[in-house]
Amino acid sequence: MATVFEEQNISKAIMRMGLPAMLGQLTTLIYNIADTFFVSLTKEPAMIAAVTLCTPILLIIMSVASVFGMGGNSVIARLLGEEKNKEVRSTLNFCLYAMAIAGIVILLAGFLFMEPIARISGADAENMAYTYDYLKYIFIGAPFIILSNGLVHLFRSLGFIKESTIGLALGNSVNIIFDFVFIVLLDRGTAGAALATSFGFFCSTVYYLVCMIQARGKGNYLVSLSVKDFAPSKKMVRSVVSIGIPGALITVLLSVSNIILNNYIGLYGSNAVASYGIAYKVDMVPIMLSVGLSQGVAPLAGYYYGAGKKERMAQTVKTSTIYGILLGAVFLAVFWLFGTKLASVFLHDKQLIHQTGYFISILGLSAPMLGIINMVTSYFQALGFAVKSLLITIMRNVVLFIPAVVILNNLWKLDGVIAAQPVVETALAIICIVMYVKDSSITQIK
């Protein structure tokens with residue numbers, strides 16, 4: 001573990017923590033795109049629209065993992081820096097069991113309220129049946145979706161970088177394989193896409209649990225699956241949840257804003273929803289890579305903060321932000337040059353291809369801003385500054401985004417709705433810079 005957290009070269013430390021996390025996010029991206037690609041082979045826009053409409057619900061389920069995964073990640077990293085190993089084990093054990101219980105609750109709630117959930121997501125008569133099919137199997141897989149996504153963060157905080165990446169890659173690879181089996185060979189449509197997703201998360205969960213059993217067998221004192229170690233204190237639960245809830249709200253509010261966005265785009269028909277759905281999947285490449293970089297580096301920042309190495313922490317954050325901006329700039333150029341060609345991979349209708357390519361180029365304008373926003377958000381989460389990370393989330397998805405969608409829709413119709421994201425991300429990037437500069441000056445003094 002020390003070889004990861006005590007690396008003297010900052011850039012090398014960032015690469016060792018950030019690249020595996022980015023690789024893991026990249027495999028997640030590939031399965032997301034594979035879902036859309038295989039469903040698009042049906043040449044049925046209503047099916048593509050259904051997958052788009054259900055994505056926010058899947059993200060909301062994943063957000064529960066963030067409460068205990070990202071919250072536990074932040075707490076564990078700082079505890080390791082303070083060399084409080086007993087508290088690390090208790091925190092890890094609490095997060096594991098809390099995620100399992102939450103997954104079962106969501107499974108039951110999902111089946112009880114599936115129809116209203118589908119309608120709230122924006123489903124209409126044209127795509128309701130496809131939406132219902134997708135949601136049914138996503139709710140069945142909810143416990144594994146939560147455990148898999150949460151354990152990724154917890155493994156990174158423990159220094160299990162290789163294992164966290166392998167688990168992600170395993171689950172997403174299984175997902176892609178069974179996308180082909182269920183959608184192409186068995187013609188299960190959106191139900192097949194959801195089945196493949198849930199089965200992939202099941203496989204990665206099993207892998208993570210096996211890794212924990214093996215680590216415990218080798219004498220790793222930090223890891224425990226025993227119910228006897230499930231003894232959360234009020235202080236520990238408060239520490240995890242106070243950081244985890246803002247992390248989860250990032251996903252929840254993103255999902256809420258996407259639901260609102262989908263309803264506005266839905267005013268222009270299923271073809272518009274399908275075009276945006278594909279454009280958004282392509283735009284998820286820079287988004288997820290940026291998230292991977294920031295989340296991978298977050299345990300470093302938390303460890304340095306806990307160990308009192310604030311200059312190294314600041315250098316890590318600044319260097320990671322620069323890398324994120326450069327990465328976004330590359331994708332901005334790619335989307336403007338090859339947006340239409342990327343759209344043609346998923347679509348066959350020339351009008352839809354042209355519209356989707358245009359959407360891709362507009363969404364790509366926000367790519368460089370992600371390096372700033374995601375890194376500053378992860379910085380506040382890593383240091384335990386829950387209110388500030390929550391503030392960024394609320395500004396991003398409520399205060400700025402929803403009014404932007406409404407106003408720009410009134411001004412420029414569909415073009416305005418699509419432009420809301422880059423407009424908001426640009427404004428928020430400036431706000432994040434101001435927040436970080438102000439906070440870092442105070443942190444260095446303490």
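The CD atom of E425 sits 10.5 Å away from the CD1 atom of I372 when rounded to the nearest 0.5 Å. Within the model, atoms CG of L261 and CG of N397 stand 11.0 Å from one another, a figure rounded to the nearest 0.5 Å. Annotation: the span from C432 atom SG to M375 atom CE amounts to 11.5 Å, rounded to 0.5 Å. One finds the CZ atom of F155 at 11.0 Å from the CG atom of L168 (value rounded to the nearest 0.5 Å). If you take CZ on F139 and CD1 on I106, they are separated by 8.0 Å, rounding to the nearest 0.5 Å. Separation of atoms CZ (F202) and CG (N175) is listed at 14.5 Å; rounding is to 0.5 Å.
For the residue pair D283/Q421, the side-chain donor-acceptor check at 3.5 Å is satisfied. Residues T316 and R312 bring no donor and acceptor atom of their side chains to less than 3.5 Å of each other. Between the side chains of Y276 and N271, no donor-acceptor pair of N or O atoms lies under 3.5 Å.
With hydrogens and angles disregarded, a donor-acceptor distance shorter than 3.5 Å links the side chain of R78 to the backbone of A382. Under the 3.5 Å distance criterion, the side-chain polar atoms of T393 are matched with a main-chain donor or acceptor of S389. In this structure a side-chain-to-backbone donor-acceptor pair under 3.5 Å is present from Y208 to S164. Of the possible polar contacts, none joining the T131 side chain to the A118 backbone as a donor-acceptor pair under 3.5 Å is found. The closest donor-acceptor contact from the side chain of T190 to the backbone of Y130 lies under 3.5 Å.
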Which side-chain N or O atoms in residues 140-150 pair as donor and acceptor under 3.5 Å with protein atoms at least two apart or in another chain?
from, atom 1, to, atom 2, distance (Å)
S148, OG, S204, OG, 2.6
N149, ND2, I145, O, 2.6

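When each of I14, L300, I325, N374 is tested with S320 by the rule side-chain contact (heavy atoms from CB on, under 4.5 Å), just one qualifies, namely I14. None of I392, T321, V317 except one satisfies the side-chain contact (heavy atoms from CB on, under 4.5 Å) rule with V376; the exception is I392.
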Practice prompt. Check the pair K281 / I278 against side chain to side chain contact (heavy atoms under 4.5 Å, CB included), numbers first and verdict last.
Written response: CA-CA 5 Å; K281 292 284 186 181; I278 290 172; 5.6 Å; no

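Classified by interplanar angle (parallel below 30°, tilted 30° to 60°, perpendicular above 60°), the ring pair F385/F380 is tilted.
Pairs passing the salt bridge (charged side-chain N to carboxylate O under 4.0 Å, His left out) check and including a residue from residues 112-123, sequence neighbours excluded, read E115-R119.
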